[in-house]
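Encoded as structure tokens, the structure appears first; notes follow it.
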Amino acid sequence: CWGLNSSGQLGNSSSINAYKPVAVTGVSTAAQAAAGGRHSCALLSDGTLKCWGLNIFGQLGNSSFLNASAPVTVTGITTASGIASGSNHACSSLTDGTVRCWGDNSAGQLGILWPLVGAFYMTTSSSPVQVSLTSVVGMAAGLYHSCARLSDNRVVC
């Protein structure tokens with residue numbers, strides 16, 4: 001990774017900007033990478049996920065809100081097949097065709113609503129939550145939205 005590193009989003013255990021690529025600490029078997037606003041994530045070849053950087057919305061998915069300048073393991077995911085990072089959230093497709101998302105949900109980008117006293121409100125989640133989708137084969141995330149490609153080639157957002 002390279003560029004701005006004010007929140008540790010380069011993952012090299014530092015907060016110093018890098019003008020040339022630097023190695024991400026402890027990641028040597030990455031199958032995919034995704035960069036968010038000020039956080040980054042990697043899908044490892046064993047199906048686990050690591051994220052690092054800013055974590056004020058729980059976008060690292062490790063059940064905390066503490067920033068990390070080195071990769072931390074995303075809680076409870078061992079069968080990831082894809083990773084996508086938005087501004088302050090991330091989503092992963094799993095090998096069983098389902099999706100988990102975590103981080104900021106202020107615009108519904110996690111694809112879930114939480115009930116509160118008979119009404120619905122949006123919040124954040126620092127650990128992955130299941131989205132009501134099946135047959136997902138690909139993910140994409142934008143600033144405040146997420147999209148999935150289904151096995152029948154439809155796209156839902």
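Quick caveat: nothing in here was measured; it's all calculated off a predicted structure.
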In terms of hydrophobic clusters joined by side-chain contacts under 4.5 Å, are Leu44 and Val24 together? yes
Would Val129 and Val136 show up in the same hydrophobic cluster when neighbours are defined by side-chain heavy atoms closer than 4.5 Å? no
Less than 4.5 Å apart, side chain to side chain, heavy atoms only: is that true for [X] and [Y]?
{"X": "Arg38", "Y": "Ser6", "answer": "yes"}
{"X": "Trp102", "Y": "Cys91", "answer": "no"}
{"X": "Val22", "Y": "Asn5", "answer": "no"}
{"X": "Asn105", "Y": "Thr123", "answer": "no"}

Taking the side chain from [X] and the backbone from [Y], do they hold a donor-acceptor pair closer than 3.5 Å?
{"X": "Asn88", "Y": "Asp104", "value": "no"}
{"X": "Gln9", "Y": "Trp52", "value": "no"}
{"X": "Asn62", "Y": "Val74", "value": "no"}
{"X": "Ser92", "Y": "Ala80", "value": "no"}
{"X": "Gln59", "Y": "Leu54", "value": "yes"}
{"X": "Asn17", "Y": "Leu4", "value": "no"}

For Ile16, does the CD1 atom sit with more than 12 other heavy atoms under 6.0 Å from it, leaving out its own atoms? no
Please report the shortest heavy-atom distance between [X] and [Y], naming the atom on each side.
{"X": "Leu60", "Y": "Gly53", "value": "CD1-O, 3.6 Å"}
{"X": "Gly111", "Y": "Val131", "value": "O-CG1, 4.2 Å"}
{"X": "Pro71", "Y": "Lys50", "value": "CB-CB, 3.8 Å"}
{"X": "Leu43", "Y": "Leu49", "value": "CA-CD2, 3.7 Å"}

Do [X] and [Y] have a side chain donor and acceptor closer than 3.5 Å?
{"X": "Ser127", "Y": "Thr75", "value": "no"}
{"X": "Thr78", "Y": "Thr48", "value": "no"}
{"X": "Ser13", "Y": "Thr25", "value": "yes"}

Hey, what do you get for [atom1] ([X]) to [atom2] ([Y]), rounding to the nearest 0.5 Å?
{"X": "Phe57", "Y": "Ser125", "atom1": "CZ", "atom2": "OG", "result": "13.5 Å"}
{"X": "Ile83", "Y": "Cys41", "atom1": "CD1", "atom2": "SG", "result": "4.5 Å"}
{"X": "Asp96", "Y": "Thr98", "atom1": "CG", "atom2": "OG1", "result": "3.5 Å"}
{"X": "Ile112", "Y": "Cys101", "atom1": "CD1", "atom2": "SG", "result": "8.0 Å"}

Derivation and outcome, side-chain hydrogen bond (donor to acceptor under 3.5 Å, both in side chains), residues Ser15 and Ser69: CA-CA 7 Å; Ser15 60; Ser69 62; over 6 Å; no
Steps toward side-chain contact (heavy atoms from CB on, under 4.5 Å) verdict (Leu94, Arg100): CA-CA 8 Å; Leu94 306 184; Arg100 305 287 189 283; 3.4 Å; yes
Run the side-chain donor-acceptor check on residues 139-150: report pairs under 3.5 Å with partners two or more places apart or on a different chain.
{"unit_1": "Ser146", "atom_1": "OG", "unit_2": "His89", "atom_2": "NE2", "d": "2.8"}
{"unit_1": "Ser146", "atom_1": "OG", "unit_2": "Gln109", "atom_2": "O", "d": "2.8"}
{"unit_1": "Arg149", "atom_1": "NH1", "unit_2": "Asn153", "atom_2": "OD1", "d": "3.0"}

Before you tell me yes or no, could you show the steps for Ser64 and Ser126 under side-chain contact (heavy atoms from CB on, under 4.5 Å), namely the whole-Å CA-CA distance, both residues' side-chain angles and the distance that decides it to 0.1 Å? CA-CA 6 Å; Ser64 86; Ser126 64; 5.9 Å; no
